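Just follow the structure's listing: the first ligand is 1, and inside any ligand the first atom is 1. What you see is a predicted model; the values in this text were computed from it and never measured.
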Amino acid sequence: MRAAILASGNGSNFEAIIQAVERQEIAMEVALVFSDKSNAYVLERAKNHQVEAVSFSPKDFSEKSVYEAELLHLLEEYQVEWVILAGYMRIIGPCLLEAFPQRIINIHPSLLPNFPGLHGIKDAFTAKVPQTGVTVHYIDAGVDTGPVIAQEAVTVAEEDTLESLEAKIHQVEHRLYPKVLAEISHNYKGA
Ligand code: GRF
């Protein structure tokens, strides 16, 4: 399957995914990494793995719908079939949702439906829940509401700090996301 990875920041999930692709555990061609932030470290990581890296910002366009139309145009140009969100900090609008029905996947650092939104780890930590985790899900029109594909729980220990909890969550993410994508890619029969 041909995929684009969309990310806004560090790109540690991209790194985990591309390494699994290189080990041929995921039957996926990463056609492109796109970032809405021109200084995102993920763009550097993409170049290190010889993956095409493109960036432009909604601020470069008159409105969000025009930005999305341009992004869709880019994805079509690269013949992308699946869109993998890996720390892409924007809502996906109707233009992309309609173009990729059940073909946009996201990873979220909590056990959805608990703690949706931008601060899933911090919100769970502050709420002092005994357990949080990681969710991989399809994107729909809501914020972190689409159908769940896989979840893995992470125990919040007495001695955990926000930083140690973040580290535990990221460790699970880096294992779970490649595993889910491997399954999807092996079941995918083409467009
Ligand atoms: C991850 O925690 C992911 O769950 C969330 O954004 C973070 C991205 O981290 N959606 P990275 O850029 O992959 O390192």
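At least one N or O atom of Gly11 sits closer than 3.5 Å to an N or O atom of ligand 1. Considering backbone and side-chain atoms together, Asn106 places no N or O closer than 3.5 Å to any N or O of ligand 1.
The shortest side-chain heavy-atom distance between Val148 and Tyr138 does not fall under the 4.5 Å cut-off. Taking the side chain as every heavy atom from C-beta outward, Glu166 and Phe125 never approach each other to under 4.5 Å. Side-chain contact between Arg2 and Met28 is absent, with no heavy atoms from C-beta onward closer than 4.5 Å. Between Glu68 and Pro58 the shortest side-chain heavy-atom distance does not fall below 4.5 Å.
The single protein non-hydrogen atom nearest to atom 7 (C) of ligand 1 is Gly87 CA, 4.2 Å, given as residue, atom name and distance. Asn13 ND2, 3.7 Å is the protein heavy atom nearest to atom 9 (O) of ligand 1. Counting protein heavy atoms only, atom 10 (N) of ligand 1 is closest to Ile107 O, 3.1 Å. Nearest protein heavy-atom neighbour of atom 14 (O) of ligand 1: Ser12 OG, 2.5 Å. Ranking the protein heavy atoms by distance from atom 3 (C) of ligand 1 puts Glu173 OE2, 3.2 Å first.
Residue contact annotation: His170 has a non-hydrogen atom under 4.0 Å from ligand 1.
In this structure a side-chain-to-backbone donor-acceptor pair under 3.5 Å is missing from Asp123 to Gly120.
Each of the atoms 12 (O), 14 (O) of ligand 1 lies under 4.0 Å from some heavy atom of Asn10.
Ring planes of Phe14 and His49: perpendicular class, angle over 60° (limits at 30 and 60°). Between Tyr67 and Phe34, the angle of the ring planes lies from 30° to 60°, which puts this pair in the tilted group.
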